[in-house]
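Right, one structure below, let's go through it.
Every heavy atom of this structure was used, including side-chain atoms; hydrogens, water molecules and symmetry mates were not.
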Amino acid sequence: MTDDEQDPGTLASARTSDEPAAGSGEPEPDASAPVAKPKKKKSFGRELLTIVVAAAILTLLVKAFVIQVYRIPSASMENTLQIGDRVLVNKVVYHFRGIARGDVVVFSGQDSWGPDAPPPSGNPVARVFDGMLSGLGLHSDQTYYIKRVIGLPGDHVACCTDGKVTVNGVPLNEGQYLFPGNPPSTFKFQAVVPPGHLWVMGDHRSDSDDSRYHPDAPGGGAIPENQVVGRAFLIVWPPSQLRDLPIPTTFQQAALHAGAAGAAVLNVGGPALAAGVLAVPVLLLRRGRRR
């Protein structure tokens, strides 16, 4: 064999060693391709912290703008509300309907019965901080009360005709909520509710410091509508007291709603709205006993 002649067997074996065999299906790895990094497992602690922070923020937002728990400190609303009861207060219901006679409402004593909140701090940083806490419902310099709405703006409220409170001459049958043995009032009174105000009274009339006892206050004892925080609609504590707070039937009399002051009642809120918010912090209501 000459130098120009080559052994086919030698060429075949060289080619076999340098090139992948046909039909092997295993592509040669590309050295320039990026190498995938293994995925890191998320920290359980970080996920738990995220959930806790999100829950806290949601609770604060609900408390500030939607619903809040208040504690009953006095006997002024017995037997409807007992000392130590916790009630849920719907803060958004009056964005959908007007305040109605018979509603149980929480309101501030600002600009009416008092005491008024002190003037804001002269320190701008402290003023902003106080405003944030107040907006979230974590701090307040105001005094809050809880009573039942008896008269709306323009109503003529009086006592007593045949032993009953009357609204625009219509007698109220208050046996459904009045404290047993209490008269509607121990003394006579009459008032025309000013525009933008409400006439409110406690269900325990002989132990309630209400509109009757503040004739010299702004509004003649009636409280400003814009100081109403919301409507108490559900007792959530203690469990033995768990129930809603509907409008008594006497306030559904057609004669009461014949005038311009009659408010259409929309049933907004209820037990379903209470779900998931029973852990909202509690604010103390001012003792509403008659001094």
Side-chain angles (χ1 to χ4, degrees), residues 55-74 76-77 80-82 84-110 112 133-140 142-153 176-177 196-203 210 223-239 241-249 251-252 257 261-286 288:
I57 293 174
L58 179 60
T59 299
L60 289 175
L61 291 175
V62 168
K63 182 175 183 290
F65 302 109
V66 182
I67 201 169
Q68 187 166 346
V69 178
Y70 284 84
R71 177 183 179 274
I72 306 302
S74 77
S76 68
M77 282 296 292
T80 303
L81 301 173
Q82 306 289 337
D85 284 356
R86 268 73 167 177
V87 295
L88 287 186
V89 175
N90 187 337
K91 294 184 173 183
V92 299
V93 61
Y94 296 132
H95 293 289
F96 299 96
R97 72 160 171 89
I99 299 172
R101 302 181 191 91
D103 280 349
V104 176
V105 296
V106 170
F107 59 94
S108 167
Q110 188 78 19
S112 59
L133 292 180
S134 178
L136 292 173
L138 299 178
H139 168 76
S140 178
Q142 299 187 21
T143 301
Y144 294 95
Y145 302 84
I146 185 165
K147 303 292 178 187
R148 188 180 299 278
V149 177
I150 303 297
L152 300 177
Q176 185 178 351
Y177 55 86
H197 287 69
L198 305 166
W199 187 269
V200 295
M201 299 170 71
D203 291 352
D210 50 42
I223 59 108
E225 284 184 289
N226 61 9
Q227 293 299 336
V228 172
V229 175
R231 178 191 175 215
F233 69 97
L234 186 70
I235 304 173
V236 295
W237 189 264
Q241 283 283 91
L242 182 63
R243 61 186 176 87
D244 64 348
L245 297 170
I247 295 177
T249 54
F251 294 100
Q252 306 298 330
H257 300 275
V265 176
L266 175 65
N267 186 17
V268 178
L273 189 58
V277 294
L278 300 185
V280 177
V282 175
L283 288 181
L284 293 178
L285 291 169
R286 178 178 173 81

Quick one: pull up [atom1] in [X] and [atom2] in [Y] and give me the separation to the nearest 0.5 Å.
| X | Y | atom1 | atom2 | value |
| --- | --- | --- | --- | --- |
| Asn90 | Ile67 | CG | CD1 | 6.0 Å |
| Arg86 | Leu81 | CZ | CG | 12.5 Å |
| Thr80 | Gln241 | OG1 | CD | 10.0 Å |
| Met77 | Ile72 | CE | CD1 | 7.5 Å |
| Asp203 | Ile146 | CG | CD1 | 9.5 Å |
| Gln82 | Ser74 | CD | OG | 11.0 Å |

Closest approach of Val87 and Ala232, non-hydrogen atoms and distance? CG2-CB, 4.3 Å
Can you confirm whether [X] sits close enough to [Y] that some side-chain heavy atom of one is under 4.5 Å from a side-chain heavy atom of the other?
| X | Y | answer |
| --- | --- | --- |
| Arg231 | Ile247 | yes |
| Asn226 | Val228 | no |
| Tyr177 | Arg148 | yes |
| Ile223 | Trp199 | no |
| Leu88 | Val69 | yes |
| Leu245 | Ile235 | yes |

Exam field: side chain Arg97 to backbone His95, donor-acceptor pair closer than 3.5 Å: no
For [X], which residues count as a side-chain contact (heavy atoms from CB on, under 4.5 Å) partner, sequence neighbours excluded?
| X | answer |
| --- | --- |
| Pro246 | Asp244 |
| Gln176 | Pro248, Thr249 |
| Glu225 | Ile99, Pro153, Leu198 |

Dump the intermediate steps for salt bridge (charged side-chain N to carboxylate O under 4.0 Å, His left out) on Lys147 and Asp103, then the final yes or no. CA-CA 8 Å; Lys147 303 292 178 187; Asp103 280 349; over 6 Å; no
Is there a side-chain contact (heavy atoms from CB on, under 4.5 Å) between Ile150 and Phe251? Walk through the geometry before answering. CA-CA 9 Å; Ile150 303 297; Phe251 294 100; 3.9 Å; yes
Applying the ring-ring contact (aromatic ring centres under 6.0 Å, His included) criterion to Phe107, which one of Tyr145, Tyr94, Tyr144 satisfies it? Tyr145
Before you tell me yes or no, could you show the steps for Tyr70 and Val229 under side-chain contact (heavy atoms from CB on, under 4.5 Å), namely the whole-Å CA-CA distance, both residues' side-chain angles and the distance that decides it to 0.1 Å? CA-CA 11 Å; Tyr70 284 84; Val229 175; 3.6 Å; yes
May I have the step-by-step check of salt bridge (charged side-chain N to carboxylate O under 4.0 Å, His left out) for Arg71 and Asp85, ending in yes or no? CA-CA 6 Å; Arg71 177 183 179 274; Asp85 284 356; over 6 Å; no
